[in-house]
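Heads up: the structure comes next, in C-alpha cells.
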Number of protein chains: 2
Amino acid sequence: MTKKYASVDRCDCDVIHKDVIDHVRKEMPEEESLYDLAELFKVFGDSTRIRILSALAVSEMCVCDIANLLNMTQSAISHQLRVLKQAALVKNRRDGKVVYYSLDDEHVEQIIDQGMAHINEEE
Amino acid sequence: MTKKYASVDRCDCDVIHKDVIDHVRKEMPEEESLYDLAELFKVFGDSTRIRILSALAVSEMCVCDIANLLNMTQSAISHQLRVLKQAALVKNRRDGKVVYYSLDDEHVEQIIDQGMAHINEEE
DNA sequence: TTAACACATGAACACCCATTCATATGTCTT
DNA sequence: AAGACATATGAATGGGTGTTCATGTGTTAA
C-alpha cells in the first residue's frame, strides 16, 4: 500500500503537530504552482531585470536605449531581455533594424507596485 | 564639470532616442529602490522559501512542522527561515523549546497572490 | 547536572546564473 | 553585393547561494 504523500525521511526531528501539518497540506497551493511562482519571482529578483521592467513601465524602448539608460553593454541587456521574454513579461516589435520592447501586460506593473508598497511601508 | 549622470562607457551602440532615455530616467524609481526591490523578489524567488511562506499563510507553524511538511532537513528550513526573517517576511515566537513562525504582515500574502494571479491568467 | 529535544549556525561544496567576449543574424543604404 | 548598424546568441568565467554536515545554543524534564 502506497503512502498518500512522500514519506518523510529527510527531516531529523519529530512531528510536533500532525493535525496542523495535515491541515496546511490540504489548504496550501499545489507544488507545481509554487514552483512556477518561484520561477516568476526569480525573474524579478535581479536588479538589471527589475530596472529594465521599471524603465519599460514608463515607455517602450529599444535595446540600445536601455543599454544607454542603464550604462550596460548591449549584449548584457539583450541576454536579460531574452529571459524576460521567455517569462512572458515583455514583448517586442521590430521596426527596421531596431527592436522595441514593452511590458507584456498590466500584471507586471502590479507586481512591481506591490513590492514597492511593501518596501516603502516599513518602519 | 561633472556630468549629471554616469557617463555611458559600457554600451557598444549609439543612443537612438535621447529624448526617450531622458524621459524614462526622470520617471522611473530611484536606483536604490530598485535594488531593494530586486532583493525582495530574490527572497521570493526560491521554491523552498515560497513553499514556506505559502504554508505560513495557512497557519503558524514550528520549524519541525515545516521540515516535515516539505520533507526537508530541519537545518535547511532553519537556514531559510533566517533569510525570511532578515527580509522581515516572517516573525517568530518561542514557547518552551518550540519556535513558532508566522507571516510578518499581510503584504506577503498580497505579493504571493499577485504572482499567482499572473501565473493563472496565462492563455 | 545530565540527558534529551528543538532550533540555530558556521564551513564547505556543488550548482546556478549574470556578465563578458567573440561572433552570428537581420536590415537598411549605397 | 558590400558595408554599416542594431540586435541576438553561444561559450566561458566568476560570483552568489542553497543544501549538507557537524556542532553549538537554549529549554525542559528527570
Side-chain angles (χ1 to χ4, degrees), chain A residues 8-17 20-21 35 38-39 41-53 60-87 90-102, chain B residues 8-18 20-21 34-35 38-39 41-53 60-87 90-102:
Chain A
V8 176
D9 52 359
R10 315 289 306 283
C11 176
D12 51 354
C13 54
D14 298 337
V15 178
I16 305 293
H17 311 94
V20 172
I21 295 177
Y35 277 104
E39 289 305 309
F41 284 127
K42 204 171 292 181
V43 177
F44 284 88
D46 175 80
S47 60
T48 298
R49 287 192 293 265
I50 275 284
R51 288 190 297 159
I52 292 174
L53 293 174
E60 171 187 75
M61 296 182 87
C62 69
V63 179
C64 185
D65 285 343
I66 301 172
N68 276 276
L69 173 68
L70 304 184
N71 194 30
M72 293 180 66
T73 65
Q74 171 269 323
S75 179
I77 299 299
S78 192
H79 276 294
Q80 296 301 349
L81 285 170
R82 185 167 183 265
V83 175
L84 293 171
K85 184 122 189 283
Q86 284 177 332
V90 303
K91 61 189 175 194
N92 58 13
R93 69 180 176 87
R94 176 178 278 276
D95 182 17
K97 290 181 289 188
V98 183
V99 177
Y100 293 93
Y101 282 82
S102 57
Chain B
V8 177
D9 51 0
R10 314 290 306 283
C11 176
D12 52 354
C13 54
D14 298 337
V15 178
I16 305 295
H17 311 92
K18 182 150 181 45
V20 172
I21 295 176
L34 293 175
Y35 277 104
E39 290 304 310
F41 284 128
K42 205 171 291 183
V43 177
F44 284 88
D46 174 79
S47 60
T48 298
R49 287 191 293 265
I50 275 283
R51 288 190 297 159
I52 292 174
L53 293 173
E60 170 187 77
M61 297 181 86
C62 70
V63 180
C64 185
D65 285 343
I66 301 172
N68 277 275
L69 173 68
L70 303 185
N71 194 30
M72 293 180 66
T73 65
Q74 171 270 321
S75 179
I77 299 299
S78 192
H79 275 295
Q80 295 301 349
L81 285 170
R82 185 165 182 266
V83 174
L84 293 171
K85 184 122 190 283
Q86 285 177 332
V90 304
K91 61 190 175 197
N92 59 12
R93 68 180 178 86
R94 176 178 278 274
D95 181 17
K97 289 182 290 189
V98 183
V99 178
Y100 294 92
Y101 281 82
S102 57

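Chain identifiers are assigned alphabetically (A, B, ...) following the order of the sequence lines, protein sequences preceding nucleic acid strands; residue numbering begins at 1 within each chain.
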Item to complete: Summarise protein proximity over nucleotides 23-30 of chain C in one line of letters, 5' to 3': B for base, S for sugar-phosphate only, - for none, counting protein heavy atoms closer than 4.0 Å.
Response: ---BBS--

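F44(B) pairs by the ring-ring contact (aromatic ring centres under 6.0 Å, His included) definition with F41(A), not counting sequence neighbours.
Rounded to the nearest 0.5 angstrom, M61(B) CE and Y100(B) OH are separated by 11.0 Å. Atom OH of Y101(A) and atom CD1 of I66(A) lie 8.0 Å apart (nearest 0.5 Å). Summarising the geometry, atom OG1 belonging to T48(B) is positioned 11.0 Å from atom CG belonging to L53(B); distances are rounded to the nearest 0.5 Å. Atom SG of C62(B) is separated from atom CD1 of I16(A) by 5.0 Å, given to the nearest 0.5 angstrom. Between the OG atom of S47(A) and the CD atom of E39(B) there is a distance of 8.0 Å, given to the nearest 0.5 Å. Between atom NZ of residue K18(B) and atom CG of residue L69(A) there is a gap of 10.5 Å, rounded to the nearest 0.5 Å.
Per the geometry, CZ belonging to F44(B) stands 18 Å off C1' belonging to dG18(D), to the nearest Å. For the pair L84(A) CG and dT9(D) C1', the computed distance is 16 Å after rounding to whole Å. Distance CD1 (I52(A)) to P (dT7(D)): 13 Å, rounded to an integer number of Å. Nucleotide dT7(D) holds its C1' atom 15 Å from the CE atom of M61(A), rounded to whole Å. Across the protein-nucleic acid pair, I66(A) atom CD1 and dA6(D) atom P stand 14 Å apart, rounded to whole Å. Residue N71(B) contributes atom CG, which lies 13 Å from atom P of dT19(D) at whole-angstrom precision. Rounded to a whole Å, the CG atom of L81(A) is 13 Å from the C1' atom of dA6(D). Nucleotide dT9(C) holds its C1' atom 15 Å from the CD1 atom of I77(B), rounded to whole Å.
Comparing I16(A) and S47(A), the nucleotide of DNA chain C nearest to each residue sits closer to the 5' end for I16(A). Summary of the strand contacts: A76(A) and N92(B) both lie near DNA chain C, and taking for each the nucleotide with the nearest heavy atom, the more 5' one is attributed to N92(B).
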Produce the list of close N/O pairs, under 3.5 Å, pairing protein atoms with atoms of nucleotides 10-15 of chain D; give distances to one decimal.
from	atom 1	to	atom 2	distance (Å)
dG10(D)	O6	H79(A)	NE2	2.9

Expected rows: protein N/O vs nucleotides 13-18 of chain C N/O, under 3.5 Å:
from	atom 1	to	atom 2	distance (Å)
dA18(C)	OP1	R49(A)	NH1	3.4
dA18(C)	OP1	R49(A)	NH2	3.0
dA18(C)	OP2	R49(A)	NH1	3.0

Please list every donor-acceptor pair under 3.5 Å in which a side-chain atom of residues 77-87 of chain B meets a protein atom from a residue at least two apart or in another chain.
from	atom 1	to	atom 2	distance (Å)
Q80(B)	OE1	R49(B)	NH1	2.8

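An OP1 or OP2 oxygen of dA6(D) is reached within less than 4.0 angstrom by no side-chain nitrogen or oxygen of Y101(A).
Listed by first and then second residue, the salt bridge (charged side-chain N to carboxylate O under 4.0 Å, His left out) pairs involving residues 60-79 of chain B are E60(B)-R93(B) (not counting sequence neighbours).
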